[in-house]
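The block underneath contains the structure these notes are about, expressed in structure tokens.
In what follows, chains are A, B, ... by sequence order, proteins preceding strands, each numbered from 1.
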Amino acid sequence: MERVSAGTKLTVLVLFAPFILWMLLLVILPHIDLLTISLRERVAPRVYEFSFKNYMEFFVEPLYWRTFARTAIMSILATVLTLIIGFPISYYIAKIARGRLKSSLFLLCMLPFWVSELVRTFGWMILLRESGIISGVLQWLGLADGPVEMLYNDAAIMVGLVYTSMLFMVVPLVSTLDSLDDGLIEAAYDLGGSTIAILREIVIPHAMPGIVSGCIVVFMLTLGNYLTPTLLGGKDSLWFTEQIYNQFITRFNWEQGSAFGFLLLLLSSAIIWTGLRLTRQRLQDTIK
Amino acid sequence: MNADASAAFDLEVESVVKKFAAFTAVDEVSFTVPKGSFFSILGPSGCGKTTLMRMIAGFLEPTSGDLRIKGRSMLGVPPNRRPVNMVFQHLALFPMMSVAENVAYGLRRRGAGRAEIEEKVAAMLARVGLPDAGEKRIDQLSGGQKQRIAIARCLVLEPDLLLLDEPLGALDLKLREQMKVELKQLQADVGTTFVYITHDQSEALVMSDQVAVMNAGRFEQVGNPQALYYRPETAFVAGFVGDSNRWIGAAVAVDGRGIKLATDDGLVLYGTAAGRGQVQSGGSLDVFVRPESIAISRSGKDMESWHNRVQGKVKNLLFNGANSRAVVIDDKTGFELIVALPQTGEFADLQRGETVHLGWSAEQTLCFVHDGAAEAA
Amino acid sequence: MFKYKQEGRIVMIKSTLKVLAGTAIVALFAGNAQADTLRLLTWGGYAPDEVIALFKKETGIDVKVTKSNNEDMISKLRATGGSGFDLAQPSQDRIAGAQREYGIYKPLDLSKINKAQFIDSMFKSTTSQSMVDGKVYGVPHVWGTSGLIVDKSKAGWVKDYTDLCDPKLKGKVSYRLKRPTLIGFAFAMGMDPFAAYNDKAKYAEILSKVEKKLISCKGNVKAYWSGGDQLLNLVRSGEVVAAMAWDTGGWKLNNEMKSVTFVAPKSGALGWIDSFALPARGKNDEAAYKWINFVMQPKIAAMITKAAGNFTASKGADNYVDARLKAQFQESFPQEAIDNIKWYPPVPAGLEEMEGKVLDRIKAAKSN
Ligand SMILES: Nc1ncnc2c1ncn2[C@@H]1O[C@H](COP(=O)(O)OP(=O)(O)OP(=O)(O)O)[C@@H](O)[C@H]1O
Ligand SMILES: [Mg+2]
């Protein structure tokens with residue numbers, strides 16, 4: 001007995017070794033490194049001192065926490081919008097479309113992801129810019145008498161973010177909605193349920209794991225997005241990841257950048273935790 | 001529940017047709033279901049039973065024809081507005097709700113008060129024999145219990161009509177036998193009109209007041225279980241309801257309802273015309289004889305009073321207690337007949353290979369004009 | 001509170017990790033760093049394919065080019081402790097500070113460099129500016145300026161950076177949110193930021209004035225450009241009519257649109273010199289010196305000028321330069337404009353952090 005269990009343990013260890021190694025080398029160790037860097041302060045060339053200054057900086061300098069708050073609020077908004085737009089699409093794909101229509105619609109959602117994010121974002125820029133297609137069409141239709149600038153504002157960022165995130169919302173939603181027995185909807189209808197009541201009491205509770213995982217993924221992706229907000233947002237769009245990038249790359253301030261990185265990790269986890277608490281969901285339920 | 005008193009029928013179906021593109025799933029079906037009765041629709045898989053029921057529930061609109069519940073036409077009325085509830089083939093209990101919430105669902109949607117809901121749900125759970133199951137989750141119930149909750153969920157709404165789509169289909173044989181009895185009892189207790197779909201003839205015969213036999217989108221015959229069993233009107237019904245020995249043959253001579261005929265195997269038999277068709281001399285026939293209407297004896301002398309006589313050897317014995325049967329091979333034609341063994345014990349020692357004599361009357365030899373439809377059965 | 005030097009305990013762990021990661025990476029990409037290869041970290045256009053081919057023919061050495069910019073170069077070299085490349089090309093004002101702070105370069109052996117090929121004044125300037133502890137870390141290569149790109153048909157009256165904030169140009173202007181913008185505006189506003197480089201309080205005061213100006217100017221800005229091509233497209237489409245940018249961009253546009261060109265601002269164009277520096281852990285110094293001497297030959301230097309659009313510190317290369325570029329240069333830079341060029345002095349440590357915050361605040365402010 002003893003020997004068998006030792007043998008099994010070894011097998012398990014060997015099987016998991018690549019995963020453990022991967023976690024250790026690429027996730028845990030860099031984060032430990034990052035943490036130690038974030039907890040020091042430069043006092044003279046190549047002389048550092050242990051300090052919480054970099055963390056304090058975030059709370060003391062309104063610029064930084066405002067940037068974070070703005071990024072978080074915009075990300076939440078983008079997540080909610082993606083959900084509101086993605087849900088009917090997913091419902092249509094999962095429950096109403098049949099056969100070829102179903103697969104082609106699904107494919108259509110994936111199409112934007114065959115090109116890189118950069119190209120996708122440039123696509124939007126071509127559409128939205130002052131000398132761009134939409135502006136041209138509006139003028140041609142006589143709906144605008146001069147060029148219309150639709151780029152470089154929060155709405156443009158929102159459009160870009162929702163577009164980029166759509167697939168990550170639709171995939172989990174379609175798969176949970178697919179698993180919803182049509183009979184349940186019909187039964188509820190048969191028992192007197194109205195469309196709205198069925199949506200609220202049958203469809204949404206069933207789709208909840210998909211909604212939660214879709215929202216978490218979209219929220220994290222949006223929060224961590226860099227290209228879309230900087231390119232589409234233009235001059236007023238300070239995004240928190242841009243802040244981190246700036247600290248690391250253009251300011252050589254690794255200490256501050258690491259601290260921001262950790263704060264982003266902690267604060268976004270806190271936001272997700274709060275979101276789960278508010279909607280009375282548990283993370284474990286989404287993984288089944 | 002302001003029922004129209006003049007309507008004697010809870011459900012009237014009039015010339016209903018349902019077409020899916022070129023395919024006709026339900027073809028000119030008409031029937032009526034009297035108040036408080038247990039009405040079954042029996043038919044083979046794919047004959048259109050579910051389609052018909054979904055039209056009654058409101059999930060499908062008929063291509064033509066009319067549906068009336070308590071005298072009121074249901075055309076264009078959505079399912080949530082019809083005084084009809086349905087027990088689904090796969091039950092469709094809501095897994096996100098407790099048992100009590102499932103039962104309460106319809107009441108809540110109607111806007112009933114909290115106290116009323118609690119009272120009715122408790123009473124209904126007691127009625128289906130699960131008074132303590134209210135707090136359980138759906139996946140904590142056994143198959144039979146789920147069955148009962150699915151029915152309770154509908155009955156608590158006191159519908160004019162309860163539709164049940166093969167509700168016992170998912171249960172194992174033993175449980176199915178038990179639920180059959182319970183369901184019949186429940187229907188008698190609550191007095192709600194049941195329309196019950198099944199492809200299992202024993203379910204239909206045991207529970208129903210009236211049975212409609214459906215085949216390829218049409219109703220072959222509507223009647224009580226005895227009528228269907230003893231007086232089938234079509235070859236399909238004769239073949240589908242109960243077991244029969246069956247030949248294909250041709251009429252040799254016709255005298256009123258009496259027929260002399262020759263089977264394809266060369267056996268000459270005397271029979272009686274049944275069903276709607278007119279039997280012509282020389283016309284092709286489907287011939288049915290029930291195993292229990294055949295007399296069996298070890299001596300040929302006992303058989304002299306029967307119109308039809310056959311001598312053969314026992315090929316096989318199918319022992320099944322009171323339902324035991326013998327398979328006999330006709331010496332002349334090699335045709336295999338199934339014969340019910342009398343319960344007198346006289347044949348308890350019957351051996352394989354033994355020679356036996358069989359006889360049956362012309363009245364119990366039902367002859368239908370052959371139309372090919374019976375092949376399906 | 002305790003102090004520790006860079007060679008402290010945590011750094012030990014870090015360097016162990018680096019060795020680990022390094023071994024893994026080397027194992028994965030073995031053969032990348034062969035002795036007959038020069039790994040060059042430089043700007044776009046500074047190592048044209050034809051020059052690389054000529055160099056290979058003459059010396060047998062392959063050149064592997066990684067395109068970059070000042071900040072990226074420092075970041076990359078800092079992350080690897082100065083390894084991964086054999087030769088880098090930071091601007092001369094960004095060498096000494098980075099060297100003091102991170103030790104990412106090694107001193108140059110000037111005896112291996114053919115001094116005669118360099119324009120004297122530039123060679124002196126770069127070697128003295130890149131000096132740390134008496135050792136020289138940089139020699140000059142390409143120089144240029146930033147100033148204004150103006151569409152003369154639409155905004156011919158723009159003469160200085162502050163003119164970009166004129167209400168007439170609402171939504172029609174673009175510049176970068178980087179330190180040159182701060183410095184250029186400071187000069188245009190009549191201050192001398194270079195003189196205040198070593199007086200942090202004074203520098204902070206200048207920055208705060210510039211910050212206010214640039215925030216009030218936000219309404220004029222179409223977008224803050226970040227890549228050269230992005231700016232060129234904005235001007236080409238006519239969405240932007242005046243911008244702060246590099247001289248080469250203006251001349252490039254001038255080739256396509258006659259009315260657009262580079263203008264040296266009244267307060268002076270900002271002059272930079274991109275130089276050569278040896279990364280601290282470069283493996284092929286010989287090849288690096290060979291490359292420096294090779295590209296400083298007048299004919300080769302002229303080829304680089306053609307590709308990059310900027311002039312080099314190579315003595316006599318002018319004779320081989322495209323006449324059109326020369327004409328464009330002369331139009332943008334009359335003699336007094338050349339004399340007025342403000343050359344970047346080395347950036348002392350700590351300034352970039354101050355500037356960074358100012359730039360962040362400008363970006364975060366709402367435009368009016
Ligand atoms: N939506 C539809 N479109 C096309 N054909 C359909 C549709 N629904 C049912 N049919 C066809 O109609 C016929 C009757 O189907 P129905 O579901 O009513 O059979 P059933 O009698 O309930 O069978 P079972 O006992 O197997 O449940 C079948 O041949 C089926 O293929
Ligand atoms: Mg069915």
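The aromatic ring centroids of C:W225 and C:W246 lie less than 6.0 Å from each other. Aromatic ring centroids of A:Y226 and A:W239 lie 6.0 Å or more apart.
Only the backbone of C:A365 comes within contact range of chain A, with at least one heavy atom under 4.5 Å from a heavy atom of that chain. With a 4.5 Å cut-off on non-hydrogen atoms, C:L351 does not touch chain A at all. With a 4.5 angstrom heavy-atom cutoff, A:F252 touches chain C via backbone and side-chain atoms both. Of the atoms belonging to C:K76, not a single heavy atom falls under 4.5 Å from chain A. No part of C:L177 comes within reach of chain A, as not one of its non-hydrogen atoms sits under 4.5 angstrom from that chain. When heavy atoms are compared at a cutoff of 4.5 Å, A:I249 approaches chain C by way of both its backbone and its side chain. For a residue to count as touching a neighbouring chain, one of its non-hydrogen atoms must lie under 4.5 Å from one of that chain's; by this rule C:R236 does not touch chain A. In this structure, no portion of A:E41 lies under 4.5 Å from any heavy atom of chain C. With a threshold of 4.5 angstrom between heavy atoms, A:R66 does not approach chain C through any atom at all. Proximity to chain C is limited to the backbone of A:F248, based on heavy atoms less than 4.5 angstrom apart.
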Before you tell me yes or no, could you show the steps for A:F168 and A:F113 under ring-ring contact (aromatic ring centres under 6.0 Å, His included), namely the whole-Å CA-CA distance, both residues' side-chain angles and the distance that decides it to 0.1 Å? CA-CA 11 Å; A:F168 302 96; A:F113 291 82; 5.4 Å; yes
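A cation-pi arrangement, defined by a distance under 6.0 Å to the six-membered ring centre and an angle within 45 degrees of its axis, is absent between A:R40 and A:F50.
A:A156 and A:N153 make their closest contact through N-OD1, 2.8 Å (heavy atoms, listed as atom of the first residue, atom of the second, distance).
Heavy-atom pairs under 4.5 Å with chain A were tallied for C:K357, C:E355, C:E353; the largest tally goes to C:K357. Ranked by non-hydrogen atom pairs under 4.5 Å with chain C, the options A:R129, A:Q256, A:R70 are led by A:R129. Counting heavy-atom pairs closer than 4.5 Å to chain A, the top-ranked of the candidates C:I74, C:N70, C:I362, C:N69 is C:I74. Between chain C and the options A:E61, A:E242, A:Q247, A:R42, heavy-atom pairs under 4.5 Å are most frequent for A:R42. Note: C:G103 leads C:G97, C:G238, C:G103, C:A98 in heavy-atom pairs under 4.5 Å with chain A. In terms of heavy-atom pairs under 4.5 Å with chain A, the best-connected choice from C:R361, C:K222, C:R179, C:R100 is C:K222.
Contact of the C:I183 side chain with the C:V210 side chain is not registered, since no non-hydrogen atoms from C-beta on lie closer than 4.5 Å.
Ionic pairing of A:E255 and A:K53 is not present here: no N-O contact between side-chain nitrogen and carboxylate oxygen is shorter than 4.0 angstrom.
Ring pair A:F260/A:F240 is tilted by interplanar angle, where 30° to 60° counts as tilted.
Between the side chain of A:S135 and the backbone N or O of A:S131 there is no donor-acceptor pair closer than 3.5 Å. A:T241 places a side-chain N or O within donor-acceptor distance of the main-chain N or O of A:N225, the cut-off being under 3.5 Å.
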